[in-house]
Amino acid sequence: MHPQPRRSAVSSASPPEKNAAGSGNPPSWVEHHRRTLLIWGIGALVAALLIVSGAFFASRLTAKDPNGPVPSPSSSPSPSASPSETVVPTVGGADLITVADADKIVPGASWAIANTAVTREEAERRVTCLSTLVSESNPTDTFQRSMGSSEDDLLAALHQVDLFANEGAARQVQTERADALASCDEAPAHIRSSTTVTNLGDEAIQITVALQEEATTFHTVLLVRTGRALTMLDVTRTGSAVEVDGAVAALERSLGDICTRADGVCPAEPTVTVAAPPPVDPAGWLITADLPRLRAGYGRWVVTEPADITSQGMGCENMTLATEPGPTSRQQRTYLLTQDDAMPETFGMDEMTFNFADNVSARLFTTKLINSLLSCKDRLLTAEITDRAAINGTGANGVAVSSRLITIDQAISDDTSVRYQLVVSIADTRVSYLLASVTSSYQFSNVAMQELALRTAQRNSQG
């Protein structure tokens, strides 16, 4: 995105100049006519103003003449602010990221300010995954800045700071935004990764999303709350996502300026750690944003609610999934892809989950299922099995998770076969079995399956 011409900055109003009031005695005309005014006071506005002026000057004369009239107790003047005092705003346009800040995201990029908004009405741009979010609590102040570059990868950034009346309101809106970002229910969004960011403010959430259009655009999104102020940063680029560490570094100066004024925690050597995406209800299941498109620019995933298992499997499991002894509970969820006219009629995906009383029982079930799939050719001579690499990782609360990927081609006639891409995952006492019916020309790539296998295990750990 090439930067737009920079909008004229909105300058703050200058303080009014001092009145050039003299310090001598009151004008002699007032002194000469004071007694007359007291006797002939009238209700007309001009005369009333003259009486007030006379009273003011009389009070000054009384201060100089101890024998003068005693001033009324109610006539003591109210204190006024010193002309030298200035009110420092809690948040302002200067707290938005600058070119120097943005250079920490991608050093050496040709950053430039494209647009700056200093009111909520002017802040028209929306952060990825939050475009439809509406909150009951509105900020008292909003500042937004979009930045662009002349890079070939269309590097750009959107920074927004919202100030709320109190910390409770800010915390509520942060929770709403975090939930919306975690689910990212905006086609064609695909959650690629997530990190845990600490020591940047009171709380933070980070997710990297790919918008899978004809050309994929990556969004590194960061939400931070410090006291009463909420910060959002959305950095976009084609080709690959920017590093989270750079996005965090770009916000440190801004958050450091805001934190004390907003009654929040200030940045203190922030750290970034790879983590599973935050859980989404119903916890323990894949969500539509976990699933990639199979064809660039086409397809929208929809999902059913968890229900009793009805799937018969693909024929190589060597067990009845709905009644196999061992699990304390089991359910199934079906994922359907729409809006892709190239999708074969046989395409579809089911996820089945099995909960156990302990990890030993879960591992015994997992081993039995994997061994049955790998030995399918011994029972069905037309089956062709490809054992993919195992995937290991870390799930919620540091739980170790693992998945096994298996591809099975099953002949259904002399010249026709059906392909299944399978994932068996385990996280502590929860096992999932992902079964996708695909074809050789319409299937998940090997990289996509590896990412999906890890995500399935991570979601297991959240159930």
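Just so you know, residue 1 is the first one in the sequence shown, and it goes up from there.
Looking at Asn460 and Ser432, their side chains do bring a donor and an acceptor atom within 3.5 Å of each other. Under 3.5 Å, the side chains of Glu351 and Tyr433 contain no donor-acceptor pair of N or O atoms. With 3.5 Å as the limit, one finds a donor-acceptor pair spanning the side chains of Ser361 and Asp358. A donor and an acceptor atom, one from each side chain of Thr238 and Thr217, are nowhere located under 3.5 Å apart. A side-chain donor from one of Arg459 and Gln462 sits under 3.5 Å from a side-chain acceptor of the other. In this model, a donor atom of one side chain and an acceptor atom of the other lie less than 3.5 Å apart for Thr208 and Gln206. The closest side-chain donor-acceptor pair between Thr386 and Thr407, if any, does not fall under 3.5 angstrom.
With salt bridges taken as basic N to acidic carboxylate O contacts below 4.0 Å, one links Arg225 and Glu167. Between Lys368 and Glu324 there is a salt bridge, since a side-chain N of the basic residue sits under 4.0 Å from a carboxylate O of the acidic one. A salt bridge links Arg295 with Asp341: the closest approach of a Lys/Arg side-chain nitrogen to an acidic carboxylate oxygen falls below 4.0 angstrom. Ion pair Asp162/Arg120 not flagged as a salt bridge, since none of the NZ, NE, NH1 or NH2 atoms sits closer than 4.0 Å to an Asp/Glu carboxylate oxygen. The pair Asp95-Arg261 meets the salt-bridge criterion, since a charged nitrogen lies less than 4.0 angstrom from a carboxylate oxygen. Residues Arg333 and Asp350 are not paired through a salt bridge, judged by the lack of any N-O separation under 4.0 Å between the basic side chain and the carboxylate.
For the pair Arg330 and Pro327, the tightest heavy-atom approach, listed with the atom from each and the gap, is NH2-CD, 3.7 Å. Between Pro282 and Pro306 the shortest heavy-atom distance is CG-CG, 4.0 Å.
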